[in-house]
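What's counted below: heavy atoms across the whole structure, side chains too, no hydrogens, waters or symmetry copies. Numbers restart at 1 for each chain; the letters A, B, ... are given by sequence-line order, proteins then strands.
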There are 2 protein chains.
Amino acid sequence: MGTLADLGGAAGLLGWDRETLMPPAGAEARAVQMGTLAALHHRELVREDAGEALAALAGDAALDADMAAAVRLATRARDRAVRVPEELVRELSVASSRSVSAWAEARAADDFAAFAGPLGRVLVLKRREAEAIGVGDEPYDALLDEFEPGARAADLEPVFAGLRVRLAPLVAEAAARPVRTLPERDWDLEGQMTLAREVSEMVGFDMRAGVITRSVHPFTGSPHRGDVRFTTRLESHTPISGLSAVMHEVGHALYEQGFPAEADRTPVHDAPSLGAHESQSRFYENQVGRSPAFWERIEPTLRRIFPEAMSGVDAALLHDAAQVVQPSLIRVEADEVTYNLHIALRFGLELAMMRGDLTVADLPGAFADGMEDMLGIRPPTTALGAMQDIHWADGLFGYFPTYTLGNLYAAQLAEAADAELGGIDRAIAQGEFAAILGFMRERVHSHGARMPTADLMRAATGRELGPDALIAHLERSYLGR
Amino acid sequence: MGTLADLGGAAGLLGWDRETLMPPAGAEARAVQMGTLAALHHRELVREDAGEALAALAGDAALDADMAAAVRLATRARDRAVRVPEELVRELSVASSRSVSAWAEARAADDFAAFAGPLGRVLVLKRREAEAIGVGDEPYDALLDEFEPGARAADLEPVFAGLRVRLAPLVAEAAARPVRTLPERDWDLEGQMTLAREVSEMVGFDMRAGVITRSVHPFTGSPHRGDVRFTTRLESHTPISGLSAVMHEVGHALYEQGFPAEADRTPVHDAPSLGAHESQSRFYENQVGRSPAFWERIEPTLRRIFPEAMSGVDAALLHDAAQVVQPSLIRVEADEVTYNLHIALRFGLELAMMRGDLTVADLPGAFADGMEDMLGIRPPTTALGAMQDIHWADGLFGYFPTYTLGNLYAAQLAEAADAELGGIDRAIAQGEFAAILGFMRERVHSHGARMPTADLMRAATGRELGPDALIAHLERSYLGR
């Protein structure tokens with residue numbers, strides 16, 4: 001387990017560096033190095049003696065709870081790994097590499113026909129992989145289970161259906177509100193990095209165990225709990241884009257800094273799922289970072305760092321400018337209210353593809369129809385429609401739903417924190433970020449991957465997964481209800 | 001071989017990051033991760049089937065020259081690795097960790113007694129390791145051979161003796177010259193980083209395949225030929241210290257960018273020894289970077305970047321201020337003329353310790369006596385004497401001589417380049433850095449580790465290793481002869 005954790009940590013650093021510092025001529029060798037680390041990881045995981053040791057330990061009543069959980073998680077990972085034939089692993093790796101290249105070219109040329117073949121090949125292989133893994137009630141479940149252990153398509157379908165029905169009128173009402181925007185100003189990029197660090201430390205990020213830098217696409221990637229790194233994007237015409245990236249990534253980062261130290265170098269020293277991880281980023285981005293109290297709290301900091309750009313700008317204007325709702329084509333640029341409809345659309349489509357109810361050839365039309373149906377706008381090109389995301393090209397079926405699971409859990413956690421702390425908004429207004437982080441440390445972070453996400457969240461919030469908390473948050477934030 | 005190269009590249013990045021970006025809380029996990037990569041490297045190297053494959057390939061007449069060299073180098077590395085019992089590897093690792101910790105504390109307290117025990121333990125184990133490896137005519141040879149394959153103590157002794165005899169009068173004469181120093185000015189640190197990049201690119205460093213940053217102790221560490229990284233030190237009161245660090249490290253870096261691409265992921269894709277590597281850093285630092293023509297060449301750049309600090313300063317003053325000779329206590333701060341006496345002293349002492357002619361208890365006195373004898377100054381404390389370097393604490397016996405080998409080879413290479421290019425100074429004055437780099441690419445870099453260093457340098461310079469070229473360079477540079 002220690003070797004696997006160390007290889008994972010080393011790969012984490014290689015990946016981080018690739019996106020932040022690596023010079024262009026290093027790309028090819030880096031890909032090979034990361035491939036070698038992945039191959040060694042796989043080889044360690046599937047070793048015969050590892051399987052025997054895990055089998056022996058699984059029945060060992062003397063194990064403490066943490067080690068029992070570690071054995072369970074390691075066994076799960078090993079079972080998945082050994083069930084997929086090496087030949088299929090290689091075929092999938094080649095097919096998805098080709099498919100990603102084809103996707104990049106096809107998207108640039110808006111030529112779906114050039115992408116359909118490679119994507120179809122990936123789809124066939126992913127279905128074969130799902131059947132080999134054999135988890136859940138249908139092929140999609142086995143893929144979903146990689147990112148969200150224990151989740152099943154049949155359970156998610158009513159959640160997304162309910163969310164969709166309740167979001168539709170909310171979007172219409174919120175989009176009709178008057179829009180306020182910031183005046184044209186220059187927000188110094190070095191000042192924005194200072195802001196990123198100060199805000200991150202304010203909410204509890206430990207700079208002694210972390211690094212913050214800049215990249216085009218913000219992300220968090222950590223070699224270890226003691227070395228948690230995230231990036232932010234910076235745009236000189238607004239501080240809002242960078243700040244919301246910081247609040248999103250710092251949510252991920254605080255989670256990783258809070259993994260249980262006593263479970264170091266075991267699979268317990270992790271989040272139980274991507275949905276759980278995303279619950280933390282969405283909590284800080286949307287539940288904390290979008291509240292009026294948050295903008296009031298950081299207004300003096302903004303005024304100190306950007307005395308000129310802030311002239312005539314106050315917390316209320318910043319808040320309103322960050323809350324514009326507008327149905328739009330691109331998921332990664334979508335506002336908080338429309339965002340989950342983008343996910344609902346993708347979940348429905350990838351599930352239909354995996355079930356054989358939707359062919360690759362019919363995907364662009366189905367995507368456009370779904371977009372029009374849900375958001376009232378129709379992508380004028382496939383590049384702006386079914387080809388906008390890299391996920392399917394890369395074989396990541398079952399990944400999209402975790403974004404919305406994160407949003408749902410974040411809202412439910414916020415309700416629980418609200419009750420526990422006597423009001424989150426009050427706590428933010430009074431700068432009690434340590435109390436907010438303490439709540440998350442106790443209810444989520446310190447548990448690592450011991451429990452499946454559904455159990456962890458049930459214990460943390462006292463609720464089953466559902467749309468109520470998110471809808472209530474959106475109605476309160478955007479419609480003043 | 002590919003797996004070993006990739007693990008080495010990954011470890012290279014982890015080490016680089018540790019010195020440049022890693023937050024303090026990441027240190028412990030990083031050490032463990034690097035230990036795991038080293039253990040996997042060792043395990044791959046000593047695999048039975050690897051030994052069988054290498055043995056079979058060693059007799060394969062169909063191998064091309066590069067692959068035959070790769071097999072020879074891999075076999076050499078494997079033979080060394082399998083001869084040292086795992087128990088001894090572990091004991092050495094523990095003992096040198098303890099010894100380094102004890103050294104740091106003992107040096108701070110100037111308490112050699114607290115360091116003598118741990119150092120003695122390392123010495124015993126290193127002798128045992130040397131005997132297990134069994135290369136050369138005496139234990140020291142086996143250790144030296146790790147850093148400088150093929151080198152033997154008995155061959156180096158007369159080289160150092162000759163050097164010592166000829167350096168002594170040179171030091172006395174050079175130190176008696178009048179000293180010129182820069183006026184007190186502030187040399188902007190960002191400007192110095194710009195200078196570092198411009199000078200590096202001027203001499204041929206490819207920024208598309210490289211990174212330059214800042215650290216306390218300058219070093220070069222590369223994940224790959226396509227991703228070569230070095231750091232410089234920056235001091236605001238002078239540009240000379242940073243610039244000489246840049247010229248030193250860029251010499252290492254140009255070498256790595258020039259490793260033979262066709263030998264990628266084999267042991268040929270490397271330098272044949274530390275001495276060979278150091279020949280490149282010393283060539284650029286001392287043979288190029290200390291010439292009057294170099295300072296004249298970069299004077300306009302300095303004036304553009306530092307218009308204020310450069311007022312009243314010209315190339316001649318910069319050159320003279322960089323050429324001050326003064327016997328001093330600390331090796332890493334020594335000037336070019338006295339430097340090799342520091343190494344001669346250490347070579348003699350470590351050889352005597354390994355031969356059993358000098359006990360650890362007698363080391364501080366012997367160090368002080370040797371210093372006084374060679375440089376005419378006596379360290380007032382052991383912290384400033386025998387405890388100033390980390391090398392012995394860390395078990396690095398046989399490492400020091402490679403610094404002087406680098407200086408000797410650098411001077412011999414400069415003589416050869418002088419003949420080939422119609423004068424190095426002329427080439428520098430006319431900005432023909434591509435021609436200088438082309439010479440090194442052809443004679444040194446492109447050969448990788450195919451030949452032992454002695455053969456490589458004999459072919460490159462037409463000379464046997466000796467002090468003549470270095471002495472001539474120093475006499476010309478410092479005494480105008």
Identify the heavy atoms of G26(B) and D227(A) that sit nearest to each other, and give their distance. CA-CB, 4.0 Å
R225(B), part contacting chain A, at a heavy-atom distance under 4.5 Å: neither
Rounded distance [0.5 Å steps], OG1 in T36(B) versus CG in L4(A): 10.0 Å
Verify the neighbour count for atom CZ of R98(B): are there more than 12 heavy atoms of other residues, nucleotides or ligands below 6.0 Å? no
Sub-4.5 Å side-chain heavy-atom contact between Q33(B) and L13(A): no
What one should report as the nearest heavy-atom pair of P23(A) and A209(B) is CG-C, 3.8 Å
Report, as yes or no, whether the 6.0 Å neighbourhood of atom CD on E19(A) holds more than 12 heavy atoms from other residues, nucleotides or ligands. yes
Step by step, work out the side chain to side chain contact (heavy atoms under 4.5 Å, CB included) result for E28(A) and D264(B). CA-CA 12 Å; E28(A) 200 179 310; D264(B) 201 20; over 6 Å; no
Close side-chain approach of D17(B) and D17(A), heavy atoms under 4.5 Å: no
Could you pull out the closest heavy-atom pair between R30(B) and R229(A), with the gap in Å? NH2-NH2, 3.9 Å
What verdict does the side chain to side chain contact (heavy atoms under 4.5 Å, CB included) test give for L7(B) and L40(A), after you've listed the backbone C-alpha separation in whole Å, the side-chain angles of each residue and the deciding distance to 0.1 Å? CA-CA 10 Å; L7(B) 283 168; L40(A) 289 171; 3.7 Å; yes
At a 4.5 Å cut-off on heavy atoms, which part of M34(B) comes close to chain A: side chain, backbone, both, or neither? neither
If you count every heavy atom of other residues, nucleotides or ligands that lies below 6.0 Å from M67(B) atom CE, does the total exceed 12? no
